[in-house]
Amino acid sequence: MTRRNMLAGNWKMNKTISEAINLAVRLKYACNSVDDRDVVLCPPYTSLKPVAETVDESPIEVGAQNMHYERSGAFTGEVSPDMIKDAGADWVILGHSERRQYFDENEELLARKLRTASDEDLKVFYCIGETEEQRDAGQVEDILKTQLEAALSGFGFDDFEELVIAYEPVWAIGTGNTATPEQANEAHGVIRDVISNLFNPGVAEKIRVIYGGSVKPHNVQELMAQPDIDGALVGGASLSADDFADIVKYDLEDEISLSDL
Ligand code: 13P
């Protein structure tokens with residue numbers, strides 16, 4: 001089965017509104033002719049609407065980096081799924097390791113967020129991945145299994161508008177230490193095995209599993225050449241229009257130069 005590639009940019013806590021619009025304008029221009037893969041931009045909440053408006057009528061979609069599991073109420077500082085959709089975003093990132101690490105998000109909480117995202121028809125990137133200590137201790141399989149099973153059991157794959165699993169080994173995020181293509185592919189194979197048991201073998205074949213962790217223009221091609229890697233979730237390199245456009249178009253002849261803009 002051929003799975004459509006997914007290239008997504010997680011801008012994390014970067015870009016003011018004007019900077020975000022500028023980046024989105026450049027990416028819309030650079031990615032205009034790309035129609036055989038999906039491109040999603042995930043700016044901070046404040047820039048969701050301006051970025052969604054900027055890429056409107058282009059193939060680029062927009063996602064939030066987090067959301068609350070309740071639909072409304074007394075949750076100071078939080079943002080609901082309705083607000084995200086209202087801003088023009090179709091996607092949400094859940095379970096990012098920075099949320100797990102700095103904001104104590106665990107599988108129980110993430111299961112609630114996944115339920116709300118599924119009920120509200122938001123498309124989900126569900127992020128999982130081991131720390132360096134866990135890898136050194138030989139626990140990669142166990143960790144991936146726990147992070148998938150504890151959050152996703154009780155769901156059917158069809159409950160989701162779309163579900164993409166992002167394998168992001170914590171030791172590779174923001175460090176420049178990319179997983180080797182073989183390491184990443186092996187982990188993606190483990191993820192497919194768990195998904196096969198959790199849902200069924202057909203879902204394991206069709207679900208997209210993307211890799212995140214120091215993806216750059218110079219290493220994207222060898223990662224994408226692996227059979228079980230269906231795209232990338234990009235942090236640092238997604239903040240530069242040139243770099244992210246190069247990543248999106250990693251295997252295409254490029255006639256568009258951003259210096260024309
Ligand atoms: P970097 O690409 O900066 O390593 O970040 C990856 C990431 O966390 C994407 O969600």
Side-chain angles (χ1 to χ4, degrees), residues 5-15 19-20 23 27 37-45 47-48 51 60-67 84 89-103 105 110 113-114 117 122-132 134-135 140 143-144 147-148 151 162-181 183-184 187-188 191 208-224 226 229-250:
N5 261 316
M6 160 65 74
L7 290 310
N10 175 8
W11 297 0
K12 306 191 181 182
M13 197 173 71
N14 294 290
K15 305 288 179 192
E19 290 167 347
L23 180 53
L27 287 170
R37 62 203 67 190
D38 293 332
V39 180
V40 181
L41 307 181
C42 303
Y45 287 137
S47 293
L48 279 178
V51 167
I60 299 178
E61 292 183 289
V62 176
Q65 299 171 18
N66 182 29
M67 74 171 203
I84 289 169
D90 294 317
W91 289 86
V92 64
I93 299 174
L94 295 177
H96 194 280
S97 64
E98 287 149 18
R99 302 283 328 161
R100 295 177 190 260
Q101 191 180 342
Y102 304 130
F103 303 97
E105 295 204 1
L110 291 167
K113 292 190 176 194
L114 284 159
L122 271 167
K123 304 176 187 178
V124 174
F125 296 105
Y126 178 56
C127 302
I128 58 173
E130 80 286 356
T131 64
E132 189 166 22
Q134 290 162 340
R135 175 163 282 265
V140 176
I143 295 295
L144 298 180
Q147 290 177 337
L148 287 167
E162 264 198 61
L163 175 65
V164 171
I165 307 295
Y167 170 60
E168 299 208 311
V170 179
W171 49 272
I173 295 178
T175 59
N177 299 326
T178 321
T180 65
Q183 279 174 326
H188 286 216
I191 291 167
R208 289 186 285 183
V209 185
I210 65 176
Y211 168 80
S214 299
V215 176
K216 309 287 177 199
H218 72 84
N219 60 26
V220 61
Q221 197 143 10
E222 54 178 10
L223 285 161
M224 295 309 122
Q226 295 292 323
I229 302 183
D230 306 315
L233 182 54
V234 185
S238 71
L239 300 174
S240 146
D242 286 307
D243 286 352
F244 191 61
D246 282 351
I247 289 172
V248 168
K249 300 193 275 188
Y250 65 91

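Counting starts at 1 for both ligands and their atoms, following the listed order. Sequence positions, counted from 1, serve as the residue numbers for this chain. Hydrogens, waters and symmetry mates play no part in the numbers below; they use all other heavy atoms, side chains included.
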Atom pair CG/CE of Asn219 and Met224 - distance to nearest 0.5 Å: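 Asn219 CG to Met224 CE: 8.5 Å, rounded to 0.5 Å.
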Using a strict cut-off of 4.0 Å, indicate which atoms of ligand 1 neighbour a heavy atom of [X].
X      : value
Leu233 : 9 (C), 10 (O)
Gly174 : 1 (P), 3 (O), 4 (O)
Lys12  : 5 (O), 6 (C), 7 (C), 8 (O)
Glu168 : 6 (C), 7 (C), 8 (O), 9 (C), 10 (O)
Gly213 : 4 (O), 6 (C)
Ala172 : 4 (O)

Is any N or O atom of [X], backbone or side chain, closer than 3.5 Å to an N or O atom of ligand 1?
X      : value
Gly236 : yes
Glu98  : no
Asn10  : yes
Gly235 : yes
Lys216 : no

Derivation and outcome, salt bridge (Lys or Arg N to Asp or Glu O under 4.0 Å), residues Glu105 and Arg100: CA-CA 4 Å; Glu105 295 204 1; Arg100 295 177 190 260; over 6 Å; no
For ligand 1, the portion of Cys127 having any non-hydrogen atom under 4.0 Å away: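 Neither; no heavy atom under 4.0 Å.
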Part of Ile173 with heavy atoms under 4.0 Å of ligand 1, whether side chain, backbone, both or neither: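 The answer is both, backbone and side chain.
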Proximity flag Ser97 to ligand 1, non-hydrogen atoms under 4.0 Å: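 No, Ser97 has no heavy atom closer than 4.0 Å to ligand 1.
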